[in-house]
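Let me begin by presenting the structure, written as structure tokens, before commenting on it.
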Amino acid sequence: MDIEIKIISLKNPCSACYIKYNYIRQIIESIKNKYPYVVIHDLIYETENEAVEAEDLKLKIFPTIKVNNFQYSAGIIPNKKELEKYLESLIKSF
């Protein structure tokens with residue numbers, strides 16, 4: 001019943017993407033404390049194309065968050081409460 005969250009980024013991101021990535025990581029870590037069955041994977045790719053092909057991304061905007069292989073966000077910092085609601089809906093569907 002684990003929920004897999006992937007944070008996908010590039011090896012050499014722009015400074016804005018780097019800041020977003022770190023903030024997203026903090027949000028996800030705080031959620032992990034509330035939901036111990038959340039498994040986090042940090043995936044760093046050399047190029048956009050490599051990330052898109054490996055992760056079957058619909059948008060080439062980084063960082064990207066995938067939850068159970070659904071592209072939850074791309075290039076934005078998610079609202080923590082909305083992400084928690086989404087995780088709760090996944091839990092109910094198990």
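By convention here, the first residue in the shown sequence is residue 1. Because only heavy atoms are used, hydrogens play no part in the values below, and waters and symmetry mates are left out as well, while side chains stay in.
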Margin query: Atom OH of residue position Tyr37 - does it have more than 12 heavy atoms of other residues, nucleotides or ligands inside 6.0 Å?
Written below: yes
Notebook entry, point to check: Quick check: does any side chain N or O of Glu4 sit under 3.5 Å from a backbone N or O of His41, one acting as donor and the other as acceptor?
Noted result: no
Item checked: Sole candidate of Ile28, Leu87, Val38 that passes side-chain contact (heavy atoms from CB on, under 4.5 Å) when paired with Val67 -> Leu87
Notebook entry, point to check: Between Leu59 and Tyr45, is there a shared hydrophobic cluster once you connect ILVMFWY residues whose side-chain heavy atoms come closer than 4.5 Å?
Noted result: no
Check: Can any side-chain N or O of Asn22 pair as donor or acceptor with the backbone N or O of Tyr18 at less than 3.5 Å?
Finding: yes
Next item on the list: Would you mind reporting whether Tyr86 and Asn79 have side-chain heavy atoms less than 4.5 Å apart?
Entry: no
Check: Hey, what do you get for CD (Glu82) to OG (Ser73), rounding to the nearest 0.5 Å?
Finding: 12.5 Å
Check: Is the closest basic N to carboxylate O distance between Arg25 and Glu29 below 4.0 Å?
Finding: yes
Next item on the list: Quick one: closest heavy-atom pair of Gln71 and Lys58, and the distance?
Entry: OE1-N, 2.7 Å
Notebook entry, point to check: Under 4.5 Å between side-chain heavy atoms, hopping through other hydrophobics if needed: is there a path connecting Val39 to Ile5?
Noted result: no
Next item on the list: List the atom of Gly75, the atom of Ile61, and the distance in Å for their closest heavy-atom pair.
Entry: CA-CG2, 3.3 Å
Notebook entry, point to check: Should Leu43 and Ser9 count as side-chain neighbours, where that means a heavy-atom distance under 4.5 Å?
Noted result: no
Next item on the list: Flag yes if Ile91 and Ile40 sit in one hydrophobic cluster, no otherwise; membership is Ile, Leu, Val, Met, Phe, Trp, Tyr, and two members link when side-chain heavy atoms are under 4.5 Å apart.
Entry: yes
Checklist line | Validation row: Glu48, Phe62 side chains within 4.5 angstrom (heavy atoms) | finding: yes
Notebook entry, point to check: Which heavy atom in Asn68 sits nearest to a heavy atom in Asp2, and how many Å separate them?
Noted result: OD1-O, 4.2 Å
Next item on the list: Side-chain contact test, heavy atoms from C-beta onward, threshold under 4.5 Å: evaluate it for Thr47 versus Lys11 and give yes or no.
Entry: no
Checklist line | Contact check, side chains of Ile3 and Tyr35, non-hydrogen atoms, under 4.5 Å | finding: no
Margin query: Given 3.5 Å as the limit, does a donor-acceptor pair link the side chain of Lys66 with the main chain of Tyr72, or not?
Written below: no
Note to self: For residues Phe70 and Ile7: do they belong to one hydrophobic cluster (side chain heavy atoms under 4.5 Å, members Ile, Leu, Val, Met, Phe, Trp, Tyr)?
What the structure shows: yes
Next item on the list: Any chance you could measure Glu55, atom CD, to Ile8, atom CD1, to the nearest 0.5 Å?
Entry: 4.0 Å
Margin query: Quick check: closest heavy atoms across Cys17 and Pro63, and the distance to 0.1 Å?
Written below: O-CD, 3.9 Å
Notebook entry, point to check: Is any side-chain heavy atom of Ile65 less than 4.5 Å from a side-chain heavy atom of Lys6?
Noted result: no
Next item on the list: Output the distance between atom CG (Leu83) and atom CD (Glu88), rounded to the nearest 0.5 Å.
Entry: 10.5 Å
Checklist line | Student check: side-chain heavy atoms of Thr64 and Leu57 closer than 4.5 Å | finding: yes
